[in-house]
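Taking it in order: structure first as structure tokens, then the write-up.
Just follow the structure's listing: the first ligand is 1, and inside any ligand the first atom is 1. Note that the structure is predicted; figures quoted are calculated from it, not measured.
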Amino acid sequence: MNVTIVKDYESMSQEAAKIVMDQVKKKPDLIVCFPTGSTPIRMYEILVEENAKGNVDFSNVQVRSVDDYVGLPPEHNQSYAYFLDQLFFSKCNFNPNNIRLIHSCAPDMKEECRHYARMLEEEGGIDLIIDGIGENGHIGFNEPADKLMDRYHVEKVSEWTRKVNARFFESLDEVPKFAVTVGVLDLLEAGMFLILSNGTKKAEAWRRLFHDEYISADFPASLLKLGRNVHCILDEASASLI
Ligand code: F6R
């Protein structure tokens with residue numbers, strides 16, 4: 001696990017955008033999974049600006065999913081597909097045919113996950129996964145539990161995460177109870193797994209990650225310690241308890 005600590009949110013976002021641009025330059029048909037949440041918003045803004053200036057070309061980049069809520073169609077304003085499209089995909093020169101997100105409203109989600117995993121395997125695996133970290137240590141929607149699932153799967157969203165994410169919905173009742181998410185082996189096998197974190201809210205999670213001497217399913221972020229290709233960019237506030 002490789003850790004870079006930078007001054008603030010802006011530096012974290014600049015650094016992350018630079019990594020994405022470097023990876024796309026090295027491999028124009030990069031297979032990449034982009035996250036939602038508050039953390040990557042500024043990184044997306046920078047990438048939109050750089051794309052407009054012609055400094056990065058997304059036309060051959062292959063986009064895949066980190067996660068999404070089960071049951072929210074892509075046109076629902078709280079689906080991750082919608083969030084990413086509004087903020088990022090539609091503002092850059094992505095080829096819509098290259099954006100293949102997992103269908104979170106498929107009639108048989110288990111089959112959809114199997115199909116998605118097969119597709120990625122045939123494509124040779126994910127080159128780059130970007131994600132944030134939950135205050136409770138979740139990664140993607142891999143929530144604290146007694147076991148962690150290896151591949152894309154449906155996960156019950158913890159009550160803790162539902163409450164945190166309720167800020168995006170009219171009420172807590174509207175927050176979906178299930179999500180589909182990348183699994184832990186998918187994360188660890190990616191060419192690069194880039195984790196972004198800003199703010200003091202995440203500081204306790206990083207303290208635990210660095211100070212616990214074990215890896216445990218009830219703190220999914222501890223799996224980051226297993227990855228050779230894991231790169232974390234933290235701002236000083238997130239790193240303040242390390
Ligand atoms: C989002 C995702 C989540 C978030 C995490 C942090 O696609 O996979 O794991 O990265 O919940 O969310 P924010 O960035 O809102 O603090």
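For the pair Gly132 and ligand 1, the shortest N or O to N or O distance falls below 3.5 Å. For ligand 1, the polar-atom distance check finds an N/O of Gly140 within less than 3.5 Å of one of the ligand's N/O atoms.
Criterion: ILVMFWY side-chain heavy atoms under 4.5 Å apart, direct or through other members. Under it, Val6 and Met43 are part of a common hydrophobic cluster.
In summary, the atoms of ligand 1 found under 4.0 Å from a heavy atom of Pro35, numbered by their order in the structure, are 7 (O). Interface of Gly37 with ligand 1, defined as ligand atoms under 4.0 Å from a residue heavy atom, comprises 14 (O), 15 (O).
Both the backbone and the side chain of Thr39 come within contact range of ligand 1, each with a heavy atom under 4.0 Å. Counting heavy atoms closer than 4.0 Å to ligand 1, residue Phe141 contributes nothing at all. At a 4.0 Å heavy-atom cut-off, ligand 1 touches Arg167 through the side chain alone.
Using a 4.0 Å cutoff on heavy atoms, Lys201 does not count as a contact of ligand 1. Residue-ligand proximity: Thr161 is placed with every non-hydrogen atom at 4.0 Å or more from ligand 1.
Counting only N and O atoms by type, the side chains of Glu143 and Asn136 include a donor and acceptor under 3.5 Å apart.
Atom 16 (O) of ligand 1 has as its closest protein heavy atom Lys202 NZ, 2.7 Å. Ranking the protein heavy atoms by distance from atom 1 (C) of ligand 1 puts Thr36 OG1, 3.3 Å first. Protein heavy atom nearest atom 15 (O) of ligand 1, with residue, atom name and distance: Ser38 N, 2.8 Å. Nearest protein heavy-atom contact of atom 8 (O) of ligand 1 is Asp67 OD2, 2.6 Å. Summary of contacts: the protein heavy atom closest to atom 6 (C) of ligand 1 is Ile133 O, 3.4 Å. For atom 5 (C) of ligand 1, the nearest non-hydrogen atom of the protein is His138 NE2, 3.4 Å. For atom 4 (C) of ligand 1, the closest non-hydrogen atom on the protein side is Asp131 OD1, 4.0 Å.
With respect to the salt-bridge test (charged N to carboxylate O, under 4.0 angstrom), the residues Glu49 and Arg42 qualify. A salt bridge does not link Arg151 with Glu121: every distance from a Lys NZ or Arg NE/NH1/NH2 to an Asp or Glu carboxylate oxygen is 4.0 Å or more. Look at Glu159 and Arg162 and you find a salt bridge, because one of the NZ, NE, NH1 or NH2 atoms lies within 4.0 Å of a carboxylate O, short of that distance. Using a 4.0 Å cut-off between a side-chain N of Lys or Arg and a carboxylate O of Asp or Glu, Asp22 and Lys18 qualify as a salt bridge.
Ring geometry for Phe94 versus Phe58: interplanar angle under 30°, hence parallel rather than tilted (30 to 60°).
Judged as a side chain to side chain donor-acceptor pair (under 3.5 Å), and not counting sequence neighbours, the contacts of Tyr69 are Asn165.
Within the 3.5 Å criterion, the main-chain N or O of Asp85 finds a donor-acceptor partner in the side chain of Ser90.
Sorted by first and then second residue, the ring pair (Phe, Tyr, Trp, His ring centres under 6.0 Å) pairs with a member in residues 185-220 form an empty list; sequence neighbours excluded.
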